[in-house]
Amino acid sequence: MAKHKKIPRHIAIIMDGNGRWAKERNLPRREGHRAGAEAVQAAIEACSELKVDFLTLYAFSSENWNRPKMEVRALMGLLEQFLKDKTPELQQRNVRLQAIGRLTDLPSGPLEQLHKAIEATRENNGLNLILALSYGAREEIIDGVKSVMRHINDGHLDPGMLDPEIFSKHLYTRYYPDPDLLIRTSGEMRISNFLLWQISYAELFITKKLWPDFNKDDLHKAVTDYANRDRRYGGI
Ligand code: FPP
């Protein structure tokens, strides 16, 4: 791929279409999620190679808890296995793992693996891989408002000083820059409660490809598309 002047610093992905991928093959949905976990690996590799700084993946939404128990169990099992199996590779690729969301909602198995993987990769300074788990943007904003109110009540914040920059520091994403590029697979034209505050100026890239089919080339295509856009942030 040609060298790009404009590599997005932060890419966020809504990984959609695992179920349809499985259905097309007459496979159980969990097989679609398993194939989806493999596609996660490809996205990590492509972002590392392109020297993207941050990759945020919508791995499990607040709403996903409403899926049938068996599917939730399969997704949690996959997450735990993924973290167990892939930590050495994350290490080797200098990837630093982090997570956002109401993490304490997670069952103890995946939660423990998550903490282990975060701890093991803490010193890495390559790609920052951020998993959104039990994540919902409205919930994040509510948690942010509660945090702001605590700061005001404690006398640490003058309400008149509150502005977007300060509010950003009360969100789960306070350590990260806003995404430059938001990718959604499977052709749906929705944001689905993902990073509502942070994507205000993100470029959107929506592809019909189902997530398990989304490969390195597709990620390169999205980045090329992004590089050719003119970001004006409301200016001219
Ligand atoms: C959407 O497919 C995908 C999810 C519910 C979450 C994404 C999960 C993975 C990629 C697998 C596990 C992830 C990790 C990090 C190990 P869908 O089931 O909504 O698909 P559909 O809309 O076609 O039914």
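Keep in mind the model is a prediction, meaning the values are calculated, not measured. The figures that follow rest on heavy atoms only: side chains count, while hydrogens, waters and symmetry mates do not.
Hydrophobic clustering (side-chain heavy atoms under 4.5 Å, transitive across Ile, Leu, Val, Met, Phe, Trp, Tyr) groups Tyr172 together with Ile191. Residues Ile100 and Leu103 fall into different hydrophobic clusters, defined by Ile, Leu, Val, Met, Phe, Trp and Tyr side chains chained together at heavy-atom separations under 4.5 Å. Residues Phe82 and Ile130 do not share a hydrophobic cluster, clusters being chains of Ile/Leu/Val/Met/Phe/Trp/Tyr side chains in contact below 4.5 Å.
The CG atom of Asp218 lies 8.5 Å from the CG atom of Asp213; values are rounded to the nearest 0.5 Å. Rounding to the nearest 0.5 angstrom, the gap separating the SG atom in Cys47 from the CG atom in Asn128 is 11.5 Å.
Under the ring pair (Phe, Tyr, Trp, His ring centres under 6.0 Å) criterion, Phe167 pairs with Trp197, not counting sequence neighbours. Ala59 meets the side-chain contact (heavy atoms from CB on, under 4.5 Å) test with Met15, Leu133; sequence neighbours excluded. Every residue meeting the side-chain contact (heavy atoms from CB on, under 4.5 Å) condition with Asp180, not counting sequence neighbours, appears here in chain and number order: Pro8, Arg9, His10, Tyr226, Arg231. Judged as a side-chain hydrogen bond (donor to acceptor under 3.5 Å, both in side chains), and not counting sequence neighbours, Arg174 has no contacts. Partners of His33 according to the ring pair (Phe, Tyr, Trp, His ring centres under 6.0 Å) rule, which considers only residues two or more places apart in sequence or in another chain, do not exist here. Residues satisfying the salt bridge (Lys or Arg N to Asp or Glu O under 4.0 Å) criterion with Glu112, sequence neighbours excluded, are absent altogether. The ring pair (Phe, Tyr, Trp, His ring centres under 6.0 Å) search around Trp21 returns none, not counting sequence neighbours. Asp230 is linked by a side-chain contact (heavy atoms from CB on, under 4.5 Å) to Arg232, counting only residues two or more places apart in sequence or in another chain. In this structure Tyr176 satisfies the ring pair (Phe, Tyr, Trp, His ring centres under 6.0 Å) test together with Phe54, sequence neighbours excluded. Under the side-chain contact (heavy atoms from CB on, under 4.5 Å) criterion, Ala222 pairs with Leu181, Ile183, Phe205, sequence neighbours left out.
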Practice item. Tell me, with the steps shown, if Trp65 and Ser134 meet side-chain hydrogen bond (donor to acceptor under 3.5 Å, both in side chains). Key: CA-CA 8 Å; Trp65 293 115; Ser134 192; 2.9 Å; yes
Exercise for review: Carefully, step by step, assess Asn94 and Asn125 under the rule side-chain hydrogen bond (donor to acceptor under 3.5 Å, both in side chains).
Suggested key: CA-CA 6 Å; Asn94 195 21; Asn125 58 8; 2.8 Å; yes
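Two residues are said to be in side-chain contact when any heavy atoms from C-beta on lie closer than 4.5 Å; Val95 and Leu55 fail this criterion. By the 4.5 Å heavy-atom criterion applied to side chains, Leu131 and Phe60 are not counted as neighbours. Side chains of Leu83 and Leu97 form a contact here, defined as non-hydrogen atoms less than 4.5 Å apart. The side-chain heavy atoms of Tyr58 and Asn193, taken from C-beta on, include a pair separated by under 4.5 Å.
Of the possible donor and acceptor atoms, one in the side chain of Ser62 sits under 3.5 Å from a partner among the backbone N and O of Tyr135. Checking side-chain atoms of Asn18 against main-chain N and O of Trp211 turns up no donor-acceptor pair under 3.5 Å. Between the Asn124 side chain and the Gly126 main chain, no donor and acceptor come within less than 3.5 Å of each other.
By the 4.0 Å N-to-carboxylate-O rule, Arg34 lies close enough to Glu31 to be salt-bridged with it. With respect to the salt-bridge test (charged N to carboxylate O, under 4.0 angstrom), the residues Glu188 and Arg20 qualify. At a threshold of 4.0 Å, the pair Lys221-Asp225 does not count as salt-bridged, since none of the basic side-chain nitrogens sits closer than that to a carboxylate oxygen.
Minimum interatomic distance between Ala202 and Pro179 (heavy atoms only, all atoms of both residues): CB-O, 3.5 Å.
Note on residues 78-102: pairs passing salt bridge (charged side-chain N to carboxylate O under 4.0 Å, His left out), not counting sequence neighbours, are Glu45-Arg93, Arg102-Asp143.
Residue Ile206 shares its hydrophobic cluster (ILVMFWY side chains chained together at separations under 4.5 Å) with Met189.
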